[in-house]
Every structure is written in C-alpha cells, then in structure tokens.
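All values reported here derive from a predicted model rather than from experimental measurement.
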Amino acid sequence: MLHSLPVRAMSEELIKTESVNDATLVVSMNRPDKRNALNIPLVEGLRTTLHDASRDLKRRVVVLRGEGTVFCSGLDLKEMADPTAAHRSAEALAWLYEEICKTPLIVVVEAHGVALGGGAGFIAAADLVVASDDLRVGFPEVRRGLVAALVTSLLRRQVGDRALREIILLGQTLDTDRCLSLGIVNRVVPAGELHEAALALATEVVTGAPDALVRTKRLLDELAPRPVVDDLKIAQRHHMISRQSHETVEGLAAFHEKRAPVWGRRSEE
C-alpha cells in the first residue's frame with residue numbers, strides 16, 4: 001500500500017472548486033498560463049482536494065477539468081529539469097492516480113484541447129471521460145527520453161496489448177475518433193457543450209445507489225490482474241529510472257531547443 005501524503009493546504013491559485021449540488025463537486029486545475037502543467041503543489045493539492053471531498057458522505061461525484069485552452073499538458077518540464085524534485089514528483093503523481101482510482105467517489109474527467117503524458121494519466125485513471133471534439137491525447141514520453149510508466153499502468157486496463165504497444169512505443173497522439181474506438185473516452189461532444197455534458201453524466205451517475213456504486217468500483221479494481229496500487233508501485237520504479245537518465249536530459253534539452261534529440265547507443269542492463 002502506498003503511504004499517505006500529509007494533508008497540505010490547497011492553493012486557491014492552483015485549484016478551484018465548485019459545488020454543483022450536495023452530490024457533485026467540480027475541481028478545476030487553474031494554471032492556464034502554464035497549460036495546467038503538473039507541478040508538485042498542483043499534484044499534491046489535487047490529491048488533498050479529492051481526499052477531503054471523499055470524507056463528505058453526501059458527495060458522490062467529482063468532475064475534474066482544466067481552465068484555459070488545454071486540459072493538461074503533463075508534467076511541468078521546468079520542474080522535471082530539477083533532479084532534486086524527481087522522487088517527490090513521481091511519488092506525488094503515483095499517489096494522486098491511486099487516489100483517483102481508490103476514492104469512493106466516481107471521478108468524471110472533462111477533457112478538452114490537449115491531454116499529454118501525465119495529463120493523459122487522468123483520463124486513464126478516471127471512471128468516466130467526456131471529451132470535446134477538439135481533444136488530442138498524447139503519449140510523447142519516449143521522444144523525451146522518458147518512460148510513460150505511470151500512465152501505462154493505468155492505460156493497460158482499458159486498451160488491448162497490441163494497440164497499447166503502438167501508442168506508447170511510438171509516442172503517438174490520438175484524436176477523439178481513435179480514443180473513442182479504443183475505449184479511452186466514453187463520450188465525445190462539441191467543445192461548446194463539454195461542461196454541460198460532463199455535468200449531465202454526473203447527474204446520471206447519482207441515479208445509482210451510493211454504496212452499490214462504491215462496491216462496483218472496488219470490484220472492478222479487484223477483478224483486474226493486479227490491484228492498481230501494485231501496478232503503480234512497479235510503474236513508479238521504471239518512471240524514476242528514466243527520470244534520472246542521460247536520455248531524459250537530452251530529450252528535454254532538445255524539446256526546449258526545438259530540435260531533434262541525439263540519442264546514443266542502447267546501454268547494457
């Protein structure tokens with residue numbers, strides 16, 4: 001079992017919450033100028049917000065969304081360049097995904113624009129996903145010298161092995177038609193109707209019996225080949241190895257300098 005993070009004060013600048021009613025809470029990532037990139041304060045704040053919401057027994061559904069033109073561009077690349085933050089960053093993100101998967105609340109993701117890397121992880125971890133027709137879901141990690149470890153541990157529960165290998169090994173970006181055909185998203189709606197569609201889905205959820213929904217969510221996790229906690233532990237180890245590699249340094253440098261990375265030969269392991 002992953003250890004719990006200490007509860008931290010939520011940053012009002014990074015996260016906005018709105019109670020639609022007693023049952024439904026909307027949680028918005030609020031770094032639009034940074035394309036809602038996942039830095040440590042945002043990741044830890046989201047986990048605290050979900051944890052606190054789950055303690056309110058009237059709550060049934062959380063709708064997760066992003067402010068601005070992009071749902072979530074993935075990990076904050078500036079923070080990723082700091083090797084002293086690598087372990088805390090990876091651990092915090094794994095714990096956040098675990099919180100989404102294990103919370104008794106049904107998590108509905110409302111995704112628009114772009115969801116990359118760690119942002120795509122929210123889509124993979126959520127119970128239900130409503131996407132705008134402009135959404136692009138990308139897995140560029142191998143092109144940055146990284147391993148999409150945490151995201152892969154979640155995505156493998158939804159996508160067949162052959163398609164998953166193609167997506168992850170080639171670092172593909174998927175449009176909504178492909179996401180829908182693979183089962184990565186549940187519904188696709190016009191961009192202007194996204195929020196209303198997500199709230200409508202949340203309303204559908206609460207027609208179910210509260211305890212039956214919680215038990216069903218737990219059952220789905222237990223029926224998987226391994227519990228999500230075990231998968232995330234394995235994934236975190238691979239994520240950390242890649243985060244500390246020379247390939248990541250080169251991949252991020254190439255991205256910032258807008259050039260193709262220069263990879264060396266494969267190392268012996």
Side-chain angles (χ1 to χ4, degrees), residues 1-8 38-52 54 62 64 72 74-76 79-80 82-107 109 115-127 129 139-142 144-161 163-165 167-169 171 184 214-245 247-248 251 267 269:
M1 187 72 165
L2 294 177
H3 300 296
S4 297
L5 281 170
V7 176
R8 298 174 182 274
L38 297 170
N39 62 3
I40 290 171
L42 177 56
V43 170
E44 292 182 343
L46 285 170
R47 183 171 186 259
T48 297
T49 300
L50 289 173
H51 175 80
D52 290 347
S54 71
V62 167
L64 178 63
C72 181
L75 289 175
D76 188 309
E79 188 176 83
M80 280 190 66
D82 178 6
T84 66
H87 182 77
R88 181 178 170 189
S89 171
E91 194 170 56
L93 190 58
W95 285 340
L96 174 56
Y97 289 154
E98 180 189 342
E99 188 73 38
I100 293 171
C101 293
K102 303 293 283 186
T103 178
L105 303 171
I106 304 303
V107 179
V109 159
L116 295 177
F122 290 135
I123 291 174
D127 297 296
V129 181
F139 306 89
E141 282 85 346
V142 292
R144 311 277 188 267
L146 291 162
V147 175
L150 298 173
V151 176
T152 300
S153 70
L154 302 167
L155 200 62
R156 67 184 289 271
R157 293 164 170 255
Q158 298 151 12
V159 177
D161 186 75
L164 180 60
R165 287 174 184 270
I167 293 166
I168 299 299
L169 292 174
I184 294 173
V214 173
R215 292 192 190 106
T216 300
K217 181 169 178 172
R218 288 174 181 164
L219 172 65
L220 290 168
D221 182 42
E222 290 175 11
L223 289 176
R226 279 189 303 263
V228 69
V229 174
D230 294 340
D231 277 353
L232 287 170
K233 284 181 181 177
I234 295 169
Q236 189 178 335
R237 175 169 56 85
H238 286 279
H239 177 80
M240 281 303 304
I241 291 171
S242 72
R243 280 281 291 269
Q244 296 168 336
S245 72
E247 288 184 340
T248 296
S267 59
E269 294 187 359

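- Distance check, rounded to the nearest 0.5 Å: CZ of R144 to CG of L116 gives 8.0 Å.
- Looking only at distances, a side-chain donor or acceptor of K217 sits under 3.5 Å from a matching main-chain atom of L105.
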Q: Might you work through the side-chain contact (heavy atoms from CB on, under 4.5 Å) test for R156 and D231, ending with a clear yes or no?
A: CA-CA 10 Å; R156 67 184 289 271; D231 277 353; 3.2 Å; yes

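- Of the residues listed (V129, V151, L64, L154), the one engaging I123 in a side chain to side chain contact (heavy atoms under 4.5 Å, CB included) is V129, and it is the only one.
- Closest approach of E141 to G118, counting heavy atoms only: OE2-N, 4.2 Å.
- Nearest heavy atom pair, residue V228 against residue R157, reads N-NH2, 2.8 Å.
- Annotation for A235 and A149: closest pair O-CB, 3.1 Å, computed over non-hydrogen atoms.
- The closest donor-acceptor contact from the side chain of E44 to the backbone of A92 lies at 3.5 Å or more, if one exists at all.
- The CZ atom of R215 lies 12.0 Å from the CD atom of E222; values are rounded to the nearest 0.5 Å.
- Here CG of L46 is found 10.5 Å from OH of Y97. Values are rounded to the nearest 0.5 Å.
- Under the 4.5 Å side-chain criterion, counting only non-hydrogen atoms from C-beta, R226 is in contact with I234.
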Q: Check step by step if side-chain contact (heavy atoms from CB on, under 4.5 Å) holds for V43 and R47.
A: CA-CA 6 Å; V43 170; R47 183 171 186 259; 6.0 Å; no

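- Of the possible donor and acceptor atoms, none in the side chain of S89 sits under 3.5 Å from a partner among the backbone N and O of A85.
- A pairwise comparison of heavy atoms in V142 and L169 identifies CG2-O, 3.7 Å as the closest pair.
- Interatomic distance, T248 OG1 to I241 CD1, rounded to the nearest 0.5 Å: 11.5 Å.
- Here I167 contributes atom CD1 and I184 contributes atom CD1; the two are 4.5 Å apart, rounded to the nearest 0.5 Å.
- Salt bridge annotation for R165-D161: present, with a cationic side-chain nitrogen under 4.0 angstrom from a carboxylate oxygen.
- Residues S54 and T103 share a closest heavy-atom pair of CB-OG1, 3.6 Å.
- S153 places no side-chain N or O within donor-acceptor distance of the main-chain N or O of L232, the cut-off being under 3.5 Å.
- L50 is listed as a side-chain neighbour of L96, based on a closest heavy-atom distance under 4.5 Å.
- In this structure, the side chain of D127 engages the main chain of V107 through a donor-acceptor pair within 3.5 Å.
- Minimum interatomic distance between E79 and L38 (heavy atoms only, all atoms of both residues): OE1-O, 4.2 Å.
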